[in-house]
There are 2 protein chains.
Amino acid sequence: MAAMGRTAGKKTRVQRSEEVRDALFQAAAEVVGEYGYIDASITRITQRANLAQGTFYNYFASRQEIFDELLPVLGAKMLAHIRQQASGAKTFLEKEEQSFRAFFSFLKRMPYFLRILNEAEIFAPKAHRQHFHNITGGYMRFLRNARKNGEIANLGDEALEPLVYMLIATRGYLALRYTDENGVVNLPEEAVRMYLQLLAKGLLSREPPVSAGSGPLG
Amino acid sequence: MAAMGRTAGKKTRVQRSEEVRDALFQAAAEVVGEYGYIDASITRITQRANLAQGTFYNYFASRQEIFDELLPVLGAKMLAHIRQQASGAKTFLEKEEQSFRAFFSFLKRMPYFLRILNEAEIFAPKAHRQHFHNITGGYMRFLRNARKNGEIANLGDEALEPLVYMLIATRGYLALRYTDENGVVNLPEEAVRMYLQLLAKGLLSREPPVSAGSGPLG
DNA sequence: CCAAACAATGAATGATGATTCATGTTTCAG
DNA sequence: CTGAAACATGAATCATCATTCATTGTTTGG
């Protein structure tokens with residue numbers, strides 16, 4: 001093992017630092033997902049990360065600080081996942097369906113996300129507002145686009161906004177209702193159909209579409 | 001003021017007891033509505049009720065106990081209000097609209113209810129599950145009835161369930177979004193219209209209705 | 001190889017707030 | 001009227017963590 005400096009087995013200090021920080025972040029996400037923010041104590045988080053209590057404060061100024069970081073980081077992953085999954089769809093309804101399904105497939109991957117998201121409204125309100133703003137913004141663009149293309153009824157923005165709220169509320173709530181005690185989502189196909197039917201009959205215009213744009217949240 | 005025994009000015013012990021208990025309950029509701037369960041300390045609650053800390057424990061075994069009582073009691077009031085308001089409606093859509101509006105008019109009366117309801121999912125989960133069960137149960141009956149009368153599309157129960165979740169989610173979420181920082185709801189008429197349009201186009205059948213039943217939650 | 005600099009550790013600190021309790025007061029049955 | 005039971009009170013207790021800190025170990029640039 002000749003002169004390896006720092007290229008091989010050993011890790012540089014900053015690499016290790018990043019790893020430790022990530023470990024703390026991941027541990028926090030899991031612990032919050034399992035026990036909720038209230039019972040996500042520093043003790044639990046550091047134990048799960050195999051670190052001492054004090055180490056936490058080498059990476060985060062306070063417990064609240066890591067709480068505030070959870071949703072932004074994981075929310076961005078969620079958006080990326082949804083965009084990716086829905087990228088192939090052409091029509092409004094296809095995009096909507098694929099985004100809808102992607103939300104639930106994301107929850108399968110990250111079972112702890114739903115609780116983090118829901119409780120953030122109370123325990124990380126600023127982060128929650130920001131996340132919500134991102135989501136609704138993307139959705140509004142998507143709907144305006146579909147409207148422009150004549151794919152959906154020609155509603156004013158004042159009507160689009162509550163609609164967006166309804167659709168987002170629906171996702172979150174269905175996820176909650178169809179998640180079992182172990183945190184596993186299992187959305188029945190009937191629920192997807194019902195959702196799409198409501199949209200199709202309630203929103204779709206009969207005019208021929210003009211062109212395709214991006215998906216919701218896209 | 002001759003021989004009044006206990007009929008006039010003075011109050012009997014049990015009367016006083018009830019009053020004190022009610023004062024604590026009311027104070028707790030207000031404090032939770034204003035500050036949330038987390039910051040609803042015994043100190044705050046008893047101060048608002050003009051009582052000493054210790055008095056609290058003459059009426060409730062623990063802080064959690066009063067938390068667990070909040071939603072059942074207020075939830076029952078909400079249901080009563082909604083039923084009362086929607087009692088005059090005849091058709092499915094009328095009932096739905098009046099119940100929908102009644103939910104929001106209830107929030108105007110009891111601004112603290114929304115926060116109690118929402119946070120209960122975290123801080124009084126059992127009570128929240130029970131409340132939710134009441135609500136969905138009533139709603140399901142309402143929809144089955146409308147289906148039986150041919151007022152809405154002939155959907156199976158497996159489709160009705162997610163639909164109920166969607167409608168309930170919608171109410172809660174819209175309330176949240178259209179409540180200002182002072183806790184005052186202000187639902188734009190556009191939102192009501194959008195909600196009803198989605199139902200009307202998405203659900204209503206074109207068959208003639210057969211007869212009328214009870215409203216949602218009724 | 002060496003001395004800063006940096007990081008890990010877990011015991012000690014400190015604040016908070018629910019709950020208990022000893023004491024004084026009020027009610028009421030007999 | 002009277003003593004026991006019920007109630008009110010708020011100071012004291014107690015448990016629970018987040019956060020700090022003194023110590024020890026590790027990395028790094030020279």
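Numbers restart at 1 for each chain; the letters A, B, ... are given by sequence-line order, proteins then strands.
Separating the CZ atom of B:Arg63 from the P atom of D:dC14 is a distance of 21 Å, rounded to the nearest angstrom. Residue B:Glu19 contributes atom CD, which lies 11 Å from atom P of D:dA8 at whole-angstrom precision. Between B:Gln15 atom CD and C:dC28 atom P the separation is 9 Å, expressed in whole Å. Atom CZ of B:Phe60 is separated from atom P of D:dA8 by 12 Å (rounded to the nearest Å). Straight-line distance from the OH atom of B:Tyr57 to the P atom of D:dT13: 17 Å, rounded to whole Å.
Residue A:Lys108 qualifies as enclosed at atom NZ: its count of foreign heavy atoms under 6.0 Å is above 12. Atom NZ of A:Lys126 has 12 or fewer neighbouring heavy atoms from other residues, nucleotides or ligands inside a 6.0 Å radius.
Between the side chains of B:Gln64 and B:Asp68, at least one donor N or O sits under 3.5 Å from an acceptor N or O. A donor and an acceptor atom, one from each side chain of B:Gln26 and B:Glu30, are located under 3.5 Å apart. In this structure, a donor-acceptor pair under 3.5 Å is absent between the side chains of A:Tyr57 and A:Glu65.
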Between the protein and nucleotides 7-9 of chain C, list the N/O to N/O atom pairs that are separated by less than 3.5 angstrom.
| unit_1 | atom_1 | unit_2 | atom_2 | d |
| --- | --- | --- | --- | --- |
| C:dA8 | OP1 | A:Tyr59 | OH | 3.3 |
| C:dA8 | OP2 | A:Asn58 | ND2 | 3.4 |
| C:dA8 | OP2 | A:Tyr59 | OH | 3.1 |
| C:dT9 | OP2 | A:Ala52 | N | 3.0 |
| C:dT9 | OP2 | A:Thr55 | OG1 | 2.9 |

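Contacts between residues 28-40 of chain A and DNA chain C, defined by a heavy-atom separation under 4.0 Å, are absent.
For the pair B:Ser62 and C:dA18, the criterion of a side-chain N or O lying under 4.0 Å from OP1 or OP2 is not met.
Between B:Phe123 and B:Tyr37, the ring planes are parallel. Angles under 30° get that label, and only those over 60° would be called perpendicular.
Judged by closest nucleotide on DNA chain C, B:Ile42 is the one of B:Val14 and B:Ile42 placed further toward the 5' end.
For A:Arg63 and A:Phe60, the positive end is not near the middle of the six-membered ring at less than 6.0 Å and at most 45° from its axis. Cation-pi check for A:Arg44 over A:Tyr35 is met; the charged atom lies under 6.0 angstrom from the ring centroid and within 45 degrees of its normal.
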